[in-house]
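The first residue of the sequence shown is numbered 1, and numbering continues consecutively from there.
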Amino acid sequence: MAREGYHLVRERGRAGGSGKRIAVGGLALVALVAVAGIAAAQGRPVALATALALVAVAGWRTLNRAARPAALRITLAEFDAMGHEEFAYAVRDLLVRDGWGARRAAGVIGADTRHGRILVRARHTRAGAAGATVGTSVMAEARGAAGPAHRADHAVVVTNGGFTQDAKAWGDRHGVRWIDRELLRRWAEQGAPLADLLRLPPDPLRPPQWRALRTRQAP
């Protein structure tokens, strides 16, 4: 179930919403096709071309709205009930909701035309279990993977638990952003876009530190 995508499973259980959007879009397409037919019958090529263009635009918008999980909301209780893999795929779907082109790899890799590339490391924790907080080593792993492997502009670690104070301080010093339980609630339950939540700049203001380091070490 996790590999299929968390929002797909949820939406299938309440398919009426997307089904209604597709039905409305279908009616609009039928109406525009009828207009195009009338224009063709009357020998009006300009009107025909305009109608066909409207058909194409309406169809694209309908399918795009149906495909994007714009209303995806996930509660903390739902996160807590997940396993690690499902948690990672849910994080991917939240990125997709916010407009990032995202995929599951060694973490979650996302790309956005305004904010560049992002690497998100998802760390699921069990309440009360040993190691329920994320430590500095995970932050360092995220920073290391973001640069050489994925050339990401932003590195993020997200958990349904918490971070040690050392991990937060290390991340703040080295440019690795973190999302703890409270920030996860705002992102997943309340629908705050990730870019706004983390205050990502519209464009990377400078090359990440790992790119600069790689340039200095190049022969």
Side-chain angles (χ1 to χ4, degrees), residues 1-32 54-105 107-125 127 152-154 156-162 177-202:
M1 182 177 75
R3 293 184 181 276
E4 188 178 17
Y6 189 75
H7 80 269
L8 294 178
V9 176
R10 283 170 57 103
E11 291 298 323
R12 187 172 296 121
R14 52 181 188 185
S18 59
K20 288 179 181 178
R21 287 195 298 270
I22 294 174
V24 171
L27 290 175
L29 291 177
V30 170
L32 287 172
L54 290 173
V55 168
V57 171
W60 180 86
R61 287 179 177 175
T62 298
L63 294 177
N64 188 54
R65 284 195 299 267
R68 280 187 62 179
L72 176 63
R73 297 291 185 273
I74 307 175
T75 67
L76 292 180
E78 288 173 318
F79 280 125
D80 292 342
M82 294 178 184
H84 175 73
E85 284 296 307
E86 191 176 7
F87 181 60
Y89 279 98
V91 167
R92 180 202 63 183
D93 291 341
L94 287 170
L95 281 172
V96 173
R97 181 202 70 185
D98 290 351
W100 298 78
R103 61 184 175 87
R104 177 83 169 89
V108 178
I109 309 300
D112 177 83
T113 55
R114 295 184 66 244
H115 302 97
R117 290 173 60 84
I118 190 170
L119 172 103
V120 182
R121 280 290 177 90
R123 285 294 179 267
H124 187 267
T125 65
D153 300 293
H154 314 286
V156 181
V157 179
V158 56
T159 180
N160 63 316
R177 292 172 169 86
W178 45 269
I179 299 178
D180 60 8
R181 191 172 180 84
E182 180 53 35
L183 288 177
L184 182 61
R185 182 198 305 275
R186 290 169 56 188
W187 184 28
E189 286 192 23
Q190 300 176 6
L194 182 69
D196 294 346
L197 192 67
L198 297 180
R199 299 181 180 179
L200 298 181

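- Taken from CZ in Arg181 to CG in Asp80, the straight-line distance is 4.0 Å, to the nearest 0.5 Å.
- For the pair Leu194/Ile118, a side-chain contact is recorded, criterion being any heavy-atom separation below 4.5 Å from C-beta on.
- Arg185 pairs by the side-chain contact (heavy atoms from CB on, under 4.5 Å) definition with Leu76, Glu182, Glu189, Gln190, not counting sequence neighbours.
- Scanning for side chain to side chain donor-acceptor pair (under 3.5 Å) contacts around Arg177 gives an empty result, with sequence neighbours left out.
- Contact detail for Ala192 and Trp187: the closest heavy-atom pair is O-CD1, 3.0 Å.
- In this structure, the ring pair (Phe, Tyr, Trp, His ring centres under 6.0 Å) partners of Trp178, at least two apart in sequence or on a different chain, are Phe163.
- Looking at every heavy atom in both residues, Gly191 comes nearest to Arg97 through CA-NH1, 3.7 Å.
- Residues Glu86 and His124 have side chains not in contact (no heavy-atom distance under 4.5 Å, counting atoms from C-beta outward).
- Judged as a side chain to side chain donor-acceptor pair (under 3.5 Å), and not counting sequence neighbours, Asp180 has no contacts.
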Original post:
Hey, mind stepping through Asp98 and Asp112 against side-chain contact (heavy atoms from CB on, under 4.5 Å) and telling me if it holds?
Top reply: CA-CA 10 Å; Asp98 290 351; Asp112 177 83; over 6 Å; no
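- Looking at every heavy atom in both residues, Thr159 comes nearest to Leu184 through O-CD2, 3.8 Å.
- With sequence neighbours left out, Arg123 forms a salt bridge (charged side-chain N to carboxylate O under 4.0 Å, His left out) with Glu141.
- Taking each heavy atom of Gly116 and Trp100 in turn, the nearest pair found is O-CZ3, 3.5 Å.
- A search for side-chain contact (heavy atoms from CB on, under 4.5 Å) contacts involving Ala102 returns Arg92, Leu95, Val96, Val108, not counting sequence neighbours.
- Of all heavy-atom pairs spanning Ala188 and Leu94, the tightest one is CB-CD1, 3.8 Å.
- The closest donor-acceptor contact from the side chain of His115 to the backbone of His154 lies at 3.5 Å or more, if one exists at all.
- Scanning all heavy atoms of the two residues, the minimum distance from Val91 to Val120 falls at CG1-CG1, 3.8 Å.
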